[in-house]
Amino acid sequence: MTGHRSSHDAAHDPRNDTILIWVNGRLVPRDQAVVSVYDSGFMMGDGIWEGLRLYQGRWAFLNQHLDRLSEGCRAIDLHLPMSRDDLIAALEETRVANGMETDAHARLMVTRGPKVRPFQDPRLSRSGPTVVIIMEHSVPIDRSAQGIRLATVPNIRPMPMAQDAKLNSHSKLNCILACIAAQKAGADEALMLDPHGFVATTNGCNFFIVRRRELWTSTGDYCMNGITRQAVIDLAHGDGITVRERNFSLVDAYSADEAFLTGTFGAQTPVAEIDGRRIGDGGMGPVTRRLRDLYKAKVGA
C-alpha cells in the first residue's frame, strides 16, 4: 500500500544498529540479544510488557508504568523477579550504556521464562522469568499536517472474561489481525468496536474524538486504560475542556470535528479519516494541538 502511515513511525536513526540490549542482567549487542526458543513469551505470548519514553533524561510517568507492570504480573500469577529499584537501575544502566539523554523509547518485557517442554501448562516454566529491555533512539514522525487513516474492522475487543484489554500482555494476535484487516481495506490502522458495537480503541492506541469542543473517549471498559490517555484526560480537565468517558457510536466518530490517538510512543497522533470519511482538515485540529502542547510541557519534551 502506497503512502502507508503509522502511529508508531519514527525517523531512521543509524545508532539503533549498534544498541546494547539488557537481557537477564547482561548488556549485549543487538545482534546477540536472544532468548530461548522454549521461552514462554516466544512460544505462548505468556508475559507482560511496558513501553516508556525518555524526555530530557527523565522517563515520563515512570512510577505509573512500573505500577502497571507489577499489577499485570500479579494478574497472571507471574513472579516479578526484580524490585522497583532494581528495574529502575536496569533502565538507567541501559540508558547510560547507549548514551541516551532524550528522545528514546524503552520496551520492558517480562515473560514466564523458558519451558522444559513445548506445551501450554505454566508449570513447565521452571527456571524463572525472562526480563529484557530494548531501548532505541526514537523521534516519532510528525503527523500534525496529515494524520493516519483508520478503518473499522470485524475484529472486536473481547469481553474481559475472554482476555481483559486492560492487561498489557504479550498476546496481541487479536490486535495484529485487526491491523491486517485495516491495511487490507486500504487504511493505516484499525478502529475496533466493543462487544456492544460502540467505539473502543484502535489496534495499538487509545482513541479520542472532539465534538463541539468536547473531548470524548470510550468508557475504558474494553481497552487498555493508557497512561497517556489518562494524562490527556487530566490535562483537558485542568484546561477547562469538557471530557466525556462514554459509549459512542461510529456515527458520532464520523461527524467528529477532530480525532486523535494517544500512546506512550507517539503521544498524540491526529486521525485524517475514518472509513474513508475525512475528519476535519485531515491534520491536527486546535483542541488536539492545545492538548499536545500541554502534554509536551508536562513531560518536558
Side-chain angles (χ1 to χ4, degrees), residues 1-9 140-158 165 172 174-226 228-229 232-233 236 241-263 265-292 295:
M1 180 175 58
T2 60
H4 174 66
R5 298 183 289 274
S6 166
S7 57
H8 292 95
D9 283 336
I141 298 294
D142 184 2
R143 296 293 180 203
S144 57
Q146 185 63 42
I148 67 167
R149 300 160 297 187
L150 300 180
T152 311
V153 297
N155 312 76
I156 65 169
R157 286 290 173 143
K172 293 293 182 184
N174 187 42
C175 298
I176 292 167
L177 291 174
C179 192
I180 290 170
Q183 291 170 2
K184 295 288 188 183
D188 301 310
E189 296 185 9
L191 185 60
M192 301 177 72
L193 307 181
D194 70 21
H196 310 290
F198 295 112
V199 174
T201 183
T202 72
N203 57 274
C205 295
N206 289 125
F207 179 72
F208 287 81
I209 62 173
V210 178
R211 291 175 57 87
R212 302 179 185 90
R213 295 192 62 80
E214 290 186 351
L215 187 64
W216 291 13
T217 191
S218 73
T219 62
D221 292 335
Y222 300 98
C223 69
M224 169 60 64
N225 290 180
T228 307
R229 172 187 186 268
V232 165
I233 290 171
I241 299 171
T242 298
V243 181
R244 301 195 186 280
E245 296 177 67
R246 54 166 293 175
N247 289 323
F248 64 93
S249 70
L250 284 171
V251 170
D252 299 312
Y254 291 155
S255 57
D257 302 313
E258 306 173 36
F260 64 94
L261 314 182
T262 61
F265 178 81
Q268 296 81 37
T269 304
V271 172
E273 61 182 59
I274 303 171
D275 294 336
R277 295 159 175 84
R278 194 76 163 172
I279 305 298
D281 65 2
M284 184 172 286
V287 174
T288 309
R289 190 175 300 276
R290 172 62 177 164
L291 290 168
R292 184 189 65 170
Y295 184 84

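Quantities reported herein were computed from a predicted structural model and do not represent experimental measurements. Keep in mind that the numbers below use all heavy atoms, side chains included, and drop hydrogens, waters and symmetry copies. Along the sequence shown, residues carry numbers from 1.
Side-chain atoms of Y222 and M192, non-hydrogen and from C-beta on, never get closer than 4.5 Å to each other. Side-chain contact between E258 and P286: present, with at least one pair of heavy atoms (C-beta onward) separated by less than 4.5 Å. Residues I141 and R5 are not in side-chain contact: their nearest non-hydrogen atoms beyond the backbone lie 4.5 Å or more apart. Residues I274 and Y254 are in side-chain contact: their nearest non-hydrogen atoms beyond the backbone lie under 4.5 Å apart. No side-chain heavy atom of R229 sits under 4.5 Å from any side-chain heavy atom of M224.
A donor-acceptor contact shorter than 3.5 Å is absent between the side chain of N206 and the backbone of G263. Side-chain atoms of D142 do not come within 3.5 Å of backbone N or O of P140 as any donor-acceptor pair. The backbone N or O of T152 lies less than 3.5 Å from a partner atom in the side chain of D275, making a donor-acceptor pair. In this structure, the side chain of R246 does not engage the main chain of W216 through any donor-acceptor pair within 3.5 Å. Remark: the backbone N or O of T202 is not paired with any side-chain donor or acceptor of E189 at under 3.5 angstrom. Using modelled atom types, no side-chain atom of D188 and backbone atom of S6 make a donor-acceptor pair closer than 3.5 Å. At distances below 3.5 Å, at least one donor-acceptor pair connects side-chain atoms of T217 with backbone N or O atoms of F207.
Between the CD atom in Q183 and the CZ atom in R149 there is a gap of 10.0 Å [rounded to 0.5 Å]. Separation of atoms OG1 (T288) and CD1 (I209) is listed at 11.0 Å; rounding is to 0.5 Å. Here CG of D9 is found 9.0 Å from CD1 of I148. Values are rounded to the nearest 0.5 Å. Here the CG-CZ distance, from D252 to R211, works out to 5.0 Å after rounding to the nearest 0.5 Å.
For the residue pair E214 and R244, the shortest heavy atom distance occurs at OE1-NE, 2.8 Å. Scanning both residues, V199 and S218, for their nearest heavy atoms gives O-CB, 3.5 Å. Minimum interatomic distance between G220 and N225 (heavy atoms only, all atoms of both residues): O-ND2, 2.9 Å. In terms of heavy-atom proximity, A236 sits nearest to V243 at CB-CG2, 3.5 Å. The two residues A151 and A185 make their nearest non-hydrogen contact at CB-CB, 4.2 Å. Summarising the geometry of S144 relative to P270, their closest heavy-atom pair is CA-CG, 4.0 Å, with the distance given to 0.1 Å.
In this pair, F208 and F260 present their aromatic rings parallel. The plane angle is below 30°, not in the 30 to 60° band.
Residue E245 forms a side chain to side chain contact (heavy atoms under 4.5 Å, CB included) with just one option from T219, I233, L215, and that option is I233.
Side-chain polar atoms of R213 and T242 form no donor-acceptor pair below 3.5 angstrom.
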C205 and H8: CA distance, side-chain angles, deciding distance, side-chain contact (heavy atoms from CB on, under 4.5 Å) verdict: CA-CA 10 Å; C205 295; H8 292 95; 4.0 Å; yes
Step-by-step side-chain contact (heavy atoms from CB on, under 4.5 Å) determination, L250 to L191: CA-CA 10 Å; L250 284 171; L191 185 60; 3.8 Å; yes
Might you work through the side-chain contact (heavy atoms from CB on, under 4.5 Å) test for N203 and V153, ending with a clear yes or no? CA-CA 10 Å; N203 57 274; V153 297; over 6 Å; no
Verify side-chain contact (heavy atoms from CB on, under 4.5 Å) between L177 and C175, making sure each step is shown before the conclusion. CA-CA 5 Å; L177 291 174; C175 298; over 6 Å; no
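Residue-environment remark: CZ (R278) exceeds the threshold of 12 foreign heavy atoms within 6.0 Å.
With respect to the salt-bridge test (charged N to carboxylate O, under 4.0 angstrom), the residues R157 and D194 do not qualify.
Taking the side chain to side chain contact (heavy atoms under 4.5 Å, CB included) definition, one finds that K172 meets it with W49, N168, I176, sequence neighbours left out.
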